[in-house]
Q: 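Just dropping this structure here.
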2 protein chains.
Amino acid sequence: MKPTLQDVADAVGVSRSTASNAYSRPDQLSAALRAKILDAARRLGYPGPNPTARSLRRGFVGAIGVLFTSELSYAFTDPFAVRFLAGVSRTAERHGTSLLLMPLPADRARVRSVVENASVDGFCVYCVGDEEWVLQAIRDRGQPYVTTAPRADAGPDDRYVGIDERAAARSVADHVAALGHRRVALLADTVLPGAPPGPLRLAGPGDAPHPTTRGRLTGFADAFAAVGVAWPALTLLNATANSRAAGAAAVAEVLAGDEPPTAVLACSDVLSLGVLDMLAAAGHRPPHPISVTGFDDIAEAAAAGLTTVRQPAEEKGRLAAELLLEPPTTPADGHRLLPTDLVVRTSTGPVPGS
Amino acid sequence: MKPTLQDVADAVGVSRSTASNAYSRPDQLSAALRAKILDAARRLGYPGPNPTARSLRRGFVGAIGVLFTSELSYAFTDPFAVRFLAGVSRTAERHGTSLLLMPLPADRARVRSVVENASVDGFCVYCVGDEEWVLQAIRDRGQPYVTTAPRADAGPDDRYVGIDERAAARSVADHVAALGHRRVALLADTVLPGAPPGPLRLAGPGDAPHPTTRGRLTGFADAFAAVGVAWPALTLLNATANSRAAGAAAVAEVLAGDEPPTAVLACSDVLSLGVLDMLAAAGHRPPHPISVTGFDDIAEAAAAGLTTVRQPAEEKGRLAAELLLEPPTTPADGHRLLPTDLVVRTSTGPVPGS
DNA sequence: TTGAAAGCGCTACCAT
DNA sequence: ATGGTAGCGCTTTCAA
């Protein structure tokens, strides 16, 4: 059996409390006694206070849970997610807090169980979807949490850090519209759950269940509506994942069609890189014959010459962690909207023949 | 006050154990009673069993700690580390185990404290250095651990997954030597702690304190010794970090010198990409006028046409986690050596004028 | 400066 | 199928 604090105390002939103080509150006993206790501990092979027991007693853990939609491995594969995490970890470091990375199972029952079983002091929810029930599970557990998207229905306990998705999307779409593009395709990940890759009809951008996607599609639509291109005239393309391959697969059909779009606006850089891949395979390089835009401004975007919207990934992570670790005094302080920038590179140009 | 299991039990008029069973062992009570208990819990706002208390009682946590040298944010910045983590997380997922990502403070005292305070069932040590005292801290805590480098002095409790660093390094150096290169530079991260960027003298490759670096430098040296180039004739270059920028900075001086090397062999792809950056800035593109090799074969290596050594990053992570979560039956099973491949691309070529 | 007592919230065993 | 009992290992008043 592993020795416990009691064993150490017994060995030295002091009480358990004194032995505990030797570890947690050195100022509460004489240096000599403390040395004696630590010595005995070493001799007995006492591993030091059990962190779990300590957390139980103290009432907090010193760790925050970071929840991801889909597999945990996704977190390490998506460059934007990685930078977000880097930001979170920077803040956590400063607070001596660990990060418990948690994959979010697809089915709701298991989500509850994951949330209920995590030994953490709060949650950072980095979700791709509108996982309202995830938040409910967290609320039910009575833990604080921060999400990474603005929430219209944010209650006083809700904290979030996000960007104005709609305005950001509109900025890049305005740019494309100004270049004369009218026959355009919009590309998003999982517009509707379970939808196949490729063209998809939706009554309006507001019908996308996912709030981030909804915001961006709406912003795109706004820009084109302003130049007389109504929603039904826009081609909506569904990708089955947020990856290059899925992006490529999603555009394959329309690119091969009779009247391909003159521009493709994607909801993420990763997706748009897939479009570039597909075009490159055909020997094309944007803006000829097709302009392509992304969203996020990940590192690869610069190398690819991608026109995109930059959002401050690390900053977002940093703020999210701060919102959790340094609780805002007023509920209003619990909401942060970050700035975005349109980054124009070489992947967009005037519509051919204009 | 948050209600506890006792409150729920009281409300329903059952014992605490029965209430507990309603959550943890549904088969131990009638469905009707269970429903009644769960209902009361909901009504009272009982958040479900406290994970910390449960862990304490059960004796295990359901999480493993992943220890990184340097900042946690590094983990998300180095592509090889990211892929390693993806592998670890895949296995962890399968076991319903969470990952606690832990930065490793520089000073030993804080390392102990970090290790001692983590609520985990074991550690995966992904270290850049030869942090023997880290392992000692873990051993002292009586926790299992796995490291990511072969250890000559591995005891029965040591588990590791690694590659044959020396042989792998030799394979790429043999290739470079066969191309006729004799005036070469070797580039490594933190050859000696605190050393400035650029050329550095070392009596022999065995003097590098860091085992991975030592292994790779030794492999490089082996190859050139075999063609008559002894260690002192090789230029050793120190980088102050494992980053492109540090790689670039490390080679700046020798590239600008009178007799620049005809080949640079780096201990990581990231470093060699920095060399490519520096050469590109001068309008050069390997193999002209200088051949460059990397190590790891990260994604960017292919795009850059880098000749390198591929090591299975995800596999390494997967195996590391398995070693921890599916304890080997015999100590010998605790050691895994993974295969590596020489990947020849365009960054290496015959020595100019040969 | 030290110690005694009282739990933190839960689960597992054993009995009924 | 249900309940009683006995801790898991620790920290923290409070009193001495």
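Each chain gets a letter, A, B and so on, in the order its sequence line appears, and its residues count up from 1.
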Q: Going by ring-ring contact (aromatic ring centres under 6.0 Å, His included), name the pairs with one or both residues in residues 4-42 of chain A, residues two or more places apart or in two chains.
A: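 Sorted result for residues 4-42 of chain A: A/Tyr23-A/Tyr46.
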
Q: Among residues 39-56 of chain A, which ones have heavy-atom contacts with DNA chain C below 4.0 Å?
A: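 Residues of residues 39-56 of chain A under 4.0 Å from DNA chain C: A/Leu56.
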
Q: Atom OH of A/Tyr23 to atom P of D/dG9: distance rounded to whole Å?
A: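 Rounding to the nearest Å, OH of A/Tyr23 and P of D/dG9 are 15 Å apart.
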
Q: Using the C1' atoms of five pairs at each end, what's the angle between the two axes of the helix from C/dT1-D/dA16 to C/dT16-D/dA1, to 10 degrees?
A: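 Between the first-five-pair axis and the last-five-pair axis there is 30°.
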
Q: Quick one: which protein N/O atoms are closer than 3.5 Å to N/O atoms of nucleotides 14-16 of chain C? Pair and distance per line, please.
A:
none

Q: Going by side-chain contact (heavy atoms from CB on, under 4.5 Å), name the residues that satisfy it together with B/Ala149, two or more places apart in sequence or in a different chain.
A: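 Per chain and number, B/Ala149 pairs via side-chain contact (heavy atoms from CB on, under 4.5 Å) with B/Thr212.
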
Q: Between atom NZ in A/Lys2 and atom C1' in D/dG7, what is the gap in whole Å?
A: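 Checked: the NZ to C1' distance equals 18 Å.
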
Q: Less than 4.5 Å apart, side chain to side chain, heavy atoms only: is that true for A/Val161 and A/Glu322?
A: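 No. Closest side-chain heavy atoms not under 4.5 Å.
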
Q: Taking side-chain contact (heavy atoms from CB on, under 4.5 Å) as the definition, give me every residue that meets it alongside B/Pro328, ordered by chain and number, with sequence neighbours left out.
A: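 Partners of B/Pro328 under the side-chain contact (heavy atoms from CB on, under 4.5 Å) test: B/Arg159, B/Asp333.
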
Q: What residues form a side-chain contact (heavy atoms from CB on, under 4.5 Å) with A/Arg34, not counting sequence neighbours?
A: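 By the side-chain contact (heavy atoms from CB on, under 4.5 Å) rule, A/Arg34 matches A/Ala22, A/Pro26, A/Leu29, A/Leu38.
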
Q: Quick one: does A/Ser98's side chain have a donor or acceptor within less than 3.5 Å of a partner on B/Met102's backbone?
A: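 Not confirmed, A/Ser98 side chain does not pair with B/Met102 backbone.
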
Q: Is the shortest side-chain N to carboxylate O distance from A/Arg318 to A/Glu314 below 4.0 Å?
A: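 Salt bridge absent between A/Arg318 and A/Glu314.
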
Q: So that I can tick it off, tell me whether B/Asp39 and B/Arg42 are bridged by a salt bridge, with the cut-off set at under 4.0 angstrom between side-chain N and carboxylate O.
A: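 Yes, B/Arg42 and B/Asp39 are salt-bridged.
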
Q: Between B/Arg90 and B/Glu93, is there a side-chain N and carboxylate O pair less than 4.0 Å apart?
A: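 Looking at B/Glu93 together with B/Arg90, the answer is no, because their closest N to O distance does not fall below 4.0 Å.
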
Q: Rounded to whole angstrom units, what separation is found between the CZ atom of B/Phe60 and the P atom of C/dT11?
A: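 Distance, rounded to whole Å: 11 Å.
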
Q: To the closest 0.5 Å, what do you measure between CG (B/Leu324) and CZ (B/Phe123)?
A: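 It comes to 9.5 Å.
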
Q: Between the protein and nucleotides 2-4 of chain D, are there any N/O to N/O pairs under 3.5 Å, and if so, what are the atom names and distances?
A:
{"from": "D/dT2", "atom 1": "OP2", "to": "B/Ser30", "atom 2": "N", "distance (Å)": "2.9"}
{"from": "D/dG3", "atom 1": "OP2", "to": "B/Ser15", "atom 2": "N", "distance (Å)": "3.2"}
{"from": "D/dG3", "atom 1": "OP2", "to": "B/Thr18", "atom 2": "OG1", "distance (Å)": "2.7"}
{"from": "D/dG4", "atom 1": "N7", "to": "B/Ser17", "atom 2": "OG", "distance (Å)": "3.1"}
{"from": "D/dG4", "atom 1": "O6", "to": "B/Ser17", "atom 2": "OG", "distance (Å)": "3.1"}

Q: Could I get the full list of side-chain hydrogen bond (donor to acceptor under 3.5 Å, both in side chains) partners for A/Arg94, not counting sequence neighbours?
A: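 side-chain hydrogen bond (donor to acceptor under 3.5 Å, both in side chains) check on A/Arg94 returns A/Glu326.
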
Q: Can you check the A/Arg25 CZ to D/dT12 C1' distance for me, whole Å?
A: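 A/Arg25 atom CZ is separated from D/dT12 atom C1' by 7 Å.
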
Q: Using a heavy-atom cut-off of 4.0 Å across all strands, would you classify B/Ser24 as base, sugar-phosphate, or nothing?
A: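 Sugar-phosphate only.
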
Q: Find the distance B/Arg57:CZ to D/dC10:P and express it as a whole number of Å.
A: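 In whole Å, D/dC10 P and B/Arg57 CZ are 15 Å from each other.
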
Q: Would you list the pairs meeting side-chain hydrogen bond (donor to acceptor under 3.5 Å, both in side chains) in which at least one residue belongs to residues 3-12 of chain A, sequence neighbours left out?
A: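 side-chain hydrogen bond (donor to acceptor under 3.5 Å, both in side chains) check on residues 3-12 of chain A returns A/Gln6-A/Asp10, A/Gln6-A/Arg16.
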
Q: When you compare the protein's N or O atoms with those of nucleotides 14-16 of chain D, which come within less than 3.5 Å of each other, and at what distance?
A:
none

Q: Measure the CZ-OG distance between B/Phe60 and B/Ser55 for me, rounded to the nearest 0.5 Å.
A: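 If I round to the nearest 0.5 Å, the distance is 7.5 Å.
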
Q: Taking B/Asp189 for the side chain and B/Ala241 for the main chain, is one N or O donor matched with an acceptor at less than 3.5 Å?
A: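 Yes; judged by distance alone, with no hydrogens or angles, the pair exists.
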
Q: Considering residues at least two apart in sequence or located in another chain, which fulfil the side-chain contact (heavy atoms from CB on, under 4.5 Å) criterion with A/Leu56?
A: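 Expected list: B/Thr52, B/Ala53, B/Leu56.
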
Q: Could you tell me how far apart B/Arg58 (CZ) and C/dC13 (C1') are, to the nearest whole angstrom?
A: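 One finds 15 Å between C1' of C/dC13 and CZ of B/Arg58, rounded.
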
Q: Measure the spacing between CD1 of B/Ile163 and CG of B/Leu338 and express it to the nearest 0.5 Å.
A: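 One gets 8.5 Å once the value is rounded to the nearest 0.5 Å.
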
